[in-house]
K.L.:
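If you scroll down you'll find the structure; I have some questions about it.
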Amino acid sequence: MFLREIERKWQEAWEKAGIFEANPDSCKEKFFVTFPYPYMNGPLHVGHAFTASRVDAYARFKRMQGYNVLFPWAWHWTGQPLTGASQRVAKGDEAFIRVLREVDGVPEEELRKFVDPNYMATYYTNESRIAAKRAGFSVDWRREFNTIMPTFRKFVEWQYNSLRAKGYVTKGTHPVVWCPKCKSPTGDHDRQEGEGVTPEEYTLIKFKLEEDAYLPAATLRPETIYGVTNIWINPDATYVEARVNDEIWITSEKAAEKLKEQGKTVKIKRKLKGRELVGKNFENPVAKEKLPILPGWFVDPKHATGIVYSVPAHAPYDWLALKDLQEKPETLREFGLDPENVKKIKPISMIKVEGFSEYPAIEIVKELDVKDQYDSKAEEATKIIYKKEFHSGVLKENCMEYSGKTVQNVKEILIEDFRRRGIADFMYDLPQPVVCRCLTPCIVKVLQDQWFLKYSDPEWKEKVREALSRMKIYPKTATQWFLAVIDWLKEWACARRTGLGTPLPWCPGWIIETLSDSTIYMAFYTINKQIRRHDIKPKMLTKEVFNYIFYGKGIIEKIALKSGIDTKILEEMRKEFSYWYPVDLRVSAKELVPNHLTFFIFQHTALFPPEHWPKAIGVNGMLMIKGKQMHKSKGNFVPTKTVIEEYGADAMRCALILSSEGMDDPDWRNENARDVKNKLVSFYNFTQTINENAKSDEIGHLEKWLMSKLQHRIIEVTENLEEMKMRTALEIALFEIWNDFRWYMNRRGGEDTKILKDTLKIWVKLLAPFAPHICEEIWDGMKEKPFISLAEWPKANEESINAQAEGNESLIKEVIEDTLNILKATKITPQKICYYTASQWKWKIYMKILEKSRKGEVKLNEIMRELAAEEDLRGKLKEAAKFTSKVVQEVGRTPEKRRETLLKIGILKEKEVIDDAKGFLADKFKACIIVFSEDARDKYDPKLKAKLSVPFRPAIYIE
RNA sequence: GCGGGGGUGUCCGAGUCAGGUCAAAGGAGGCAGGCUUAGGACCUGCUGCCAUAGGGCUGCGUGGGUUCAAACCCCACCUCCCGCACCA
């Protein structure tokens with residue numbers, strides 16, 4: 001196929017000439033673009049290609065504008081998925097292996113070697129590199145690396161030591177969903193069941209039992225403590241009495257186990273059945289009154305502490321359970337409870353909610369007709385009340401110091417107070433069961449000694465906001481999102497136990513987490529060229545070396561001596577970094593906004609001075625395949641390589657760019673790629689015929705029109721590219737300009753003019769960032785010197801903009817439109833079409849009014865007075881007055897921009913223009929065309945249409 | 001729940017910040033014709049409804065408002081998509 005041939009040809013030529021290898025050049029302004037390195041547990045797919053095509057088109061655009069552009073590339077190997085995948089191969093997971101074999105097309109002999117994660121990553125990296133090159137990305141490959149290379153690790157070590165030295169790293173605890181068998185956190189993708197479930201923090205209210213022990217009742221609504229009437233214990237469940245830290249707690253057996261994992265020391269003293277506790281009394285720590293423990297079979301001993309306090313006024317379950325006991329006193333006997341006392345228990349109303357009276361729980365139970373505590377509707381009732389009370393609830397006067405406050409506002413404060421006063425503690429639990437892939441039920445574990453990046457630090461956040469405010473964000477709407485993320489970000493655990501990556505330099509056994517080691521690596525691109533060329537060994541890359549390169553700190557001779565790197569090389573590296581930094585543009589899919597892209601800003605502000613903070617971020621949507629998310633397991637995985645083989649690189653790039661803009665998700669459909677491919681081929685053919693046939697030297701108004709139009713196109717394409725509106729830019733460059741050419745050629749007919757060649761040169765340039773190979777080929781065919789990739793980006797030539805020429809053509813277009821309209825309405829098959837152009841005096845008045853409207857309000861009587869003095873209006877004043885008032889009205893309704901355009905066009909020689917287009921019009925309508933001036937005496941005007949003519953709108957008569 | 005982004009013709013999608021040239025760009029699809037041995041290629045025209053004169057009607061999620069004028073501004077509502085963490 002000829003497309004593939006020219007692609008290969010030009011890729012080789014580019015590589016041979018090294019035109020994308022960018023070196024510092026003090027005479028040229030630099031532009032540094034980056035693309036987040038792809039994770040190498042699979043081949044490069046069209047999702048990557050989408051973002052990369054946008055980056056590349058931008059890079060090529062900037063290069064043609066004369067910037068010294070650096071577009072480097074690297075590969076992400078750090079993390080769990082690669083090791084996980086490799087282990088699955090090692091274990092012989094057939095389903096998984098089949099996907100690698102069939103979707104990724106990994107040959108059998110390679111597949112076997114995938115038991116080594118490094119091998120697997122190497123394989124995919126090699127495959128992906130080929131794909132990226134075939135896509136024609138204008139990358140400087142000398143700077144390539146992967147994230148577990150020892151030299152890169154030294155860089156990350158420097159990064160983390162520096163962060164720590166600056167106080168951005170802290171140690172703390174952190175709850176995770178944990179598999180007790182695998183002894184590791186169970187992320188969403190590792191789960192058999194319970195996707196999306198995260199630990200919930202329960203407040204434990206410590207109710208004192210008579211015998212100096214506590215009953216920690218778990219709740220999400222600690223504010224309801226002011227409405228407690230009793231505690232529920234499941235009489236049939238097993239509880240334990242245990243020493244928790246330095247107190248005696250009674251909890252369910254399960255809860256004791258959980259607490260052990262949450263940083264508490266737990267020593268179990270004895271087991272007991274729940275019924276042993278029922279009937280006893282406890283003390284409410286806020287009201288200090290004695291309340292009873294009642295049997296509650298609805299209490300789930302597996303959940304939280306297995307102890308629940310009862311607020312029947314505001315919790316449907318509590319009310320239902322209490323009602324049950326009150327209505328069935330016989331159940332109380334076996335616990336030695338006096339039914340009379342239980343009957344005396346009255347709900348305590350303590351939250352005022354709009355739309356409910358005193359006891360919301362009781363009301364909702366009635367309303368939904370919930371039968372008892374086992375009715376499934378009880379759950380729904382609970383949800384409704386919780387929501388309602390949280391959003392619009394206000395604490396009543398019996399809530400001591402919190403009275404009058406809204407539930408929403410008081411919650412956090414109250415929890416804090418209670419903890420401080422020793423009334424409350426907390427624990428984590430899962431709201432729904434989570435089961436690990438290994439089929440073990442998960443728990444919540446509080447990881448000790450975790451290392452965190454202090455993204456919560458208010459000063460740091462402020463700096464990041466400052467950085468953001470200086471940046472350009474494409475599209476603008478994404479800025480809001482960034483701001484929200486900056487606010488929302490908390491401590492980020494930056495180290496893990498498993499997976500590939502760089503060990504935490506000060507704490508062996510921990511590996512720097514993958515999102516955390518990928519934040520400032522763009523700086524590494526700037527120096528990796530030298531590292532590779534001079535074969536600099538990892539151990540030579542000391543802290544001092546990096547401090548010199550990135551900060552210019554230290555005495556170079558000393559550093560050279562100590563590190564073993566030549567001073568000249570050190571200087572070169574420093575120069576390289578200083579030249580390229582900061583990053584001018586980073587482009588990624590929107591999924592990275594809440595993590596990577598924001599971290600990217602955070603860490604730059606932490607480690608670099610403001611002049612090295614990133615300049616711009618482009619965000620785009622996530623690629624879908626026929627409207628669905630791409631997943632290997634779903635069988636809709638589309639590798640870049642396959643697409644290029646089928647449709648060619650240029651078609652892929654253009655189809656991707658045309659598929660969406662802004663943050664909308666692009667949708668990949670093969671038919672689109674096929675269509676674009678056809679378009680590109682016929683574009684190529686079109687250019688060939690022009691090159692062959694363009695002979696005429698003529699330059700008439702149509703040529704002027706084409707040139708003028710093209711100037712606008714240049715401006716539009718350039719402006720849209722600048723704003724990263726790649727699709728709009730390509731749409732104009734490919735479709736709109738094509739339509740201009742079509743109009744011109746149809747309108748003109750006959751032999752092609754030489755001017756087409758000149759305009760074509762501009763057109764090809766405008767397309768070159770998007771479809772570089774085919775444009776390069778056309779460029780070459782036009783005997784231009786290589787390469788179009790380095791050719792100068794077109795600039796609009798103000799002098800070629802010709803409002804009159806454009807006015808002429810839009811007149812023709814409007815005339816056609818109106819004629820068609822009449823034909824459609826009358827269903828006439830035209831024999832003869834007459835056009836009558838407006839009289840000179842009409843034009844005069846029209847222009848006068850336009851002119852005046854520029855300065856402000858147009859006064860009718862003022863104009864009339866002026867007109868009365870005009871010679872040539874004598875005898876026509878009445879008619880002129882009528883006309884004037886009509887025009888004044890019309891102009892009043894015309895937007896300013898349009899009025900300016902009309903003024904620029906000025907008085908059109910309408911008769912001439914239409915006369916000139918006669919042939920074209922006759923051909924179009926298959927009729928005889930006659931043009932008269934309204935003033936002509938001998939005009940053919942049987943229906944007296946001529947007098948209806950208006951400037952820019954000739955009258956029409958058809959028969 | 002919290003946060004972010006949307007809803008435009010058969011479909012995709014521009015237009016909304018700065019209201020008026022907006023029955024609404026461009027593309028795709030459909031229809032008709034041309035070119036061709038043929039074509040999923042290419043070219044030309046049409047593609048909301050009504051209308052024997054360039055007009056009228058309906059129309060940009062729904063309802064209301066502001067205005068001489070609303071896809072665009074304001075209010076309310078409905079609805080869809082995405083992210084919520086230690087994971088790339």
Side-chain angles (χ1 to χ4, degrees), chain A residues 36 38-39 41 76 78-82 174-177 185-190 196 198 386-387 390-391 447 450 452-453 455 475-485 487-496 499 513-516 518 590-596 621-622 629 658-665 667 669 671-672 674-679 681-682 685-686 725 727-728 731-732 734-736 738-739 742 745-746 810 814-815 817-828 889 892-899 901-902 924 943 945 948 952-958:
Chain A
Y39 193 72
N41 62 342
H76 200 192
T78 318
Q80 182 63 58
L82 257 170
H174 161 238
V176 291
V177 178
T186 313
D188 253 356
H189 42 277
D190 298 324
T198 50
Y386 276 31
K387 211 163 156 183
F390 179 74
H391 282 107
L447 294 177
Q450 256 293 343
F452 292 96
L453 288 165
Y455 290 147
K476 271 204 203 108
T477 44
T479 312
Q480 274 312 104
W481 195 5
F482 275 105
L483 284 170
V485 172
D487 271 346
W488 160 88
L489 221 50
K490 307 185 287 219
E491 278 22 69
W492 179 267
C494 60
R496 284 203 58 132
E513 182 271 334
T514 68
L515 287 177
S516 306
S518 308
K590 62 183 175 188
E591 48 176 350
L592 299 188
V593 170
N595 42 67
H596 167 78
M622 244 173 79
Q629 270 203 17
L658 284 174
S659 64
S660 90
E661 195 162 87
M663 288 201 283
D664 295 340
D665 295 330
D667 193 15
R669 282 163 205 270
E671 312 88 83
N672 293 350
R674 187 200 62 207
D675 288 345
V676 173
K677 185 181 128 186
N678 289 336
K679 278 259 143 52
V681 171
S682 62
N685 294 335
F686 179 74
K725 292 187 176 174
R727 180 177 60 191
T728 306
E731 247 168 23
I732 295 164
L734 187 57
F735 300 120
E736 304 280 6
W738 206 327
N739 286 339
R742 278 192 193 115
M745 292 170 90
N746 285 333
S810 50
E814 270 154 42
V815 162
E817 212 170 285
D818 281 348
T819 310
L820 279 172
N821 207 345
I822 296 169
L823 289 176
K824 220 171 115 192
T826 57
K827 299 192 182 73
I828 298 173
Q889 255 184 30
R893 254 181 272 123
T894 310
E896 205 187 305
K897 248 194 208 160
R898 172 74 178 154
R899 290 199 303 248
T901 318
L902 291 176
K924 184 163 190 82
K943 288 256 171 93
K945 295 283 179 192
L948 298 173
F952 299 108
R953 205 160 198 219
I956 302 170
Y957 169 71
I958 302 174

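Per chain, numbering begins at 1; letters A, B, ... match sequence-line order.
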K.L.:
Side-chain contact, heavy-atom cut-off 4.5 Å: F452(A) with K490(A)?
P.N.:
no

K.L.:
Pick the closest RNA chain B nucleotide for T728(A) and for F390(A) by heavy atoms, then say which residue is nearer the 5' end.
P.N.:
F390(A)

K.L.:
Looking only at side-chain atoms of K945(A), point me to the closest of G40(B), A53(B), G3(B).
P.N.:
A53(B)

K.L.:
Using the C1' atom as the reference point in each nucleotide, state the distance between C57(B) and C22(B) in Å, no decimals.
P.N.:
16 Å

K.L.:
Could you let me know what U37(B) is paired to, Watson-Crick or G-U wobble, both distances under 3.5 Å, or none if it's on its own?
P.N.:
none

K.L.:
Give the nucleotide from the list C86(B), A85(B), G1(B) with an atom nearest to the side chain of W488(A).
P.N.:
A85(B)

K.L.:
In the strands shown, is A32(B) matched to any nucleotide by a Watson-Crick or G-U wobble pair with both distances under 3.5 Å, and which?
P.N.:
U44(B)

K.L.:
Regarding F452(A), tell me which of base, sugar-phosphate or nothing describes its non-hydrogen contacts under 4.0 Å with the strands shown.
P.N.:
nothing

K.L.:
Over all strands shown, is A825(A) touching base, sugar-phosphate only, or nothing at heavy-atom distances under 4.0 angstrom?
P.N.:
base

K.L.:
Q450(A) CD to C86(B) C1': how many Å, rounded?
P.N.:
8 Å

K.L.:
Are K824(A) and U52(B) close enough that a side-chain N or O sits under 4.0 Å from OP1 or OP2?
P.N.:
no

K.L.:
Consider the side chain of D675(A), meaning its heavy atoms from C-beta on, and name the nucleotide among G1(B), A14(B), A28(B) that approaches it most closely.
P.N.:
A28(B)

K.L.:
Who does U58(B) pair with, Watson-Crick or G-U, both distances under 3.5 Å?
P.N.:
none

K.L.:
G20(B) phosphate, OP1 or OP2: any side-chain N/O from R898(A) under 4.0 angstrom?
P.N.:
no

K.L.:
Under 4.0 Å, counting only non-hydrogen atoms across every strand here, what does N739(A) touch: a base, just sugar-phosphate, or nothing?
P.N.:
sugar-phosphate

K.L.:
For atom C1', what is the distance between G59(B) and G3(B), given to the nearest Å?
P.N.:
34 Å

K.L.:
For U10(B) and U16(B), measure between their P atoms and round to the nearest Å.
P.N.:
23 Å

K.L.:
Across the strands shown, which category fits P954(A) at heavy-atom distances under 4.0 angstrom: base, sugar-phosphate, nothing?
P.N.:
base

K.L.:
I want to verify a distance call: between C86(B), G54(B), A88(B), whose nearest atom is closest to the L948(A) side chain?
P.N.:
G54(B)

K.L.:
Considering every strand shown, what is the Watson-Crick or G-U wobble mate of G83(B) when both distances are under 3.5 Å?
P.N.:
C2(B)

K.L.:
Any side-chain N or O of T514(A) under 4.0 Å from OP1/OP2 of A88(B)?
P.N.:
yes

K.L.:
Write down the distance between NZ (K490(A)) and C1' (C86(B)), rounded to a whole number of angstrom.
P.N.:
11 Å

K.L.:
Taking the same atom, P, in G33(B) and in U21(B), what whole-Å distance lies between them?
P.N.:
37 Å

K.L.:
Flag yes if more than 12 heavy atoms outside K725(A) fall under 6.0 Å of its NZ atom; otherwise flag no.
P.N.:
no

K.L.:
Please determine, for the side chain of A493(A), which listed nucleotide (C86(B), A41(B), G54(B)) has the closest atom?
P.N.:
C86(B)

K.L.:
In whole Å, measure the gap between the P atoms of G56(B) and G6(B) for me.
P.N.:
35 Å

K.L.:
With a 4.0 Å cut-off on heavy atoms, is A955(A) in touch with a base, just the backbone sugar-phosphate, or nothing at all?
P.N.:
base

K.L.:
Measure from the side chain of L515(A), starting at C-beta and using heavy atoms only, and say which of G83(B), A88(B), U44(B) lies closest.
P.N.:
A88(B)

K.L.:
List the atom of R899(A), the atom of G892(A), and the distance in Å for their closest heavy-atom pair.
P.N.:
NH1-O, 4.4 Å

K.L.:
Kindly point out which of C43(B), G6(B), C46(B) is positioned nearest to the side chain of W738(A)?
P.N.:
C43(B)

K.L.:
Looking only at heavy atoms, which two atoms of L489(A) and P594(A) are closest? And how far apart?
P.N.:
CD1-O, 4.1 Å

K.L.:
For the residue pair L592(A) and P36(A), establish whether any side-chain heavy-atom pair is separated by less than 4.5 Å.
P.N.:
yes

K.L.:
Take atom P in U66(B) and the same atom in C75(B), then report the distance between them in whole Å.
P.N.:
15 Å

K.L.:
Give one of base, sugar-phosphate or nothing for I958(A), where a contact means two heavy atoms less than 4.0 Å apart.
P.N.:
base

K.L.:
Taking the side chain as every heavy atom from C-beta outward, state whether R898(A) and L902(A) have any pair of such atoms under 4.5 Å apart.
P.N.:
yes

K.L.:
Nearest to the F735(A) side chain among G27(B), U52(B), A88(B), which nucleotide is it?
P.N.:
G27(B)

K.L.:
Can you figure out which of G4(B), C46(B), A88(B) approaches the side chain of Q480(A) most closely?
P.N.:
G4(B)

K.L.:
Does a side-chain N or O of R953(A) approach OP1 or OP2 of G54(B) to a distance below 4.0 Å, or not?
P.N.:
no

K.L.:
Name the nucleic acid region contacted by H174(A), choosing base, sugar-phosphate or nothing; use a 4.0 angstrom heavy-atom cut-off, strictly under.
P.N.:
base

K.L.:
Counting only Watson-Crick pairs (N1-N3 plus N6-O4 or O6-N4) and G-U wobbles (N1-O2, O6-N3), all under 3.5 Å, who is the partner of U66(B)?
P.N.:
none

K.L.:
Which nucleotide wins on minimum distance to the side chain of E731(A), given the candidates G54(B), G40(B), G26(B)?
P.N.:
G26(B)

K.L.:
Quick one: the side chain of D818(A) and the base of G54(B), do they pair up donor-acceptor inside 3.5 Å?
P.N.:
yes

K.L.:
Using the P atom as the reference point in each nucleotide, state the distance between U58(B) and A70(B) in Å, no decimals.
P.N.:
12 Å

K.L.:
Please measure how far the C1' atom in A71(B) lies from the corresponding atom in C17(B), and state the result in whole Å.
P.N.:
14 Å

K.L.:
Write down the distance between CG (N746(A)) and P (G45(B)), rounded to a whole number of angstrom.
P.N.:
6 Å

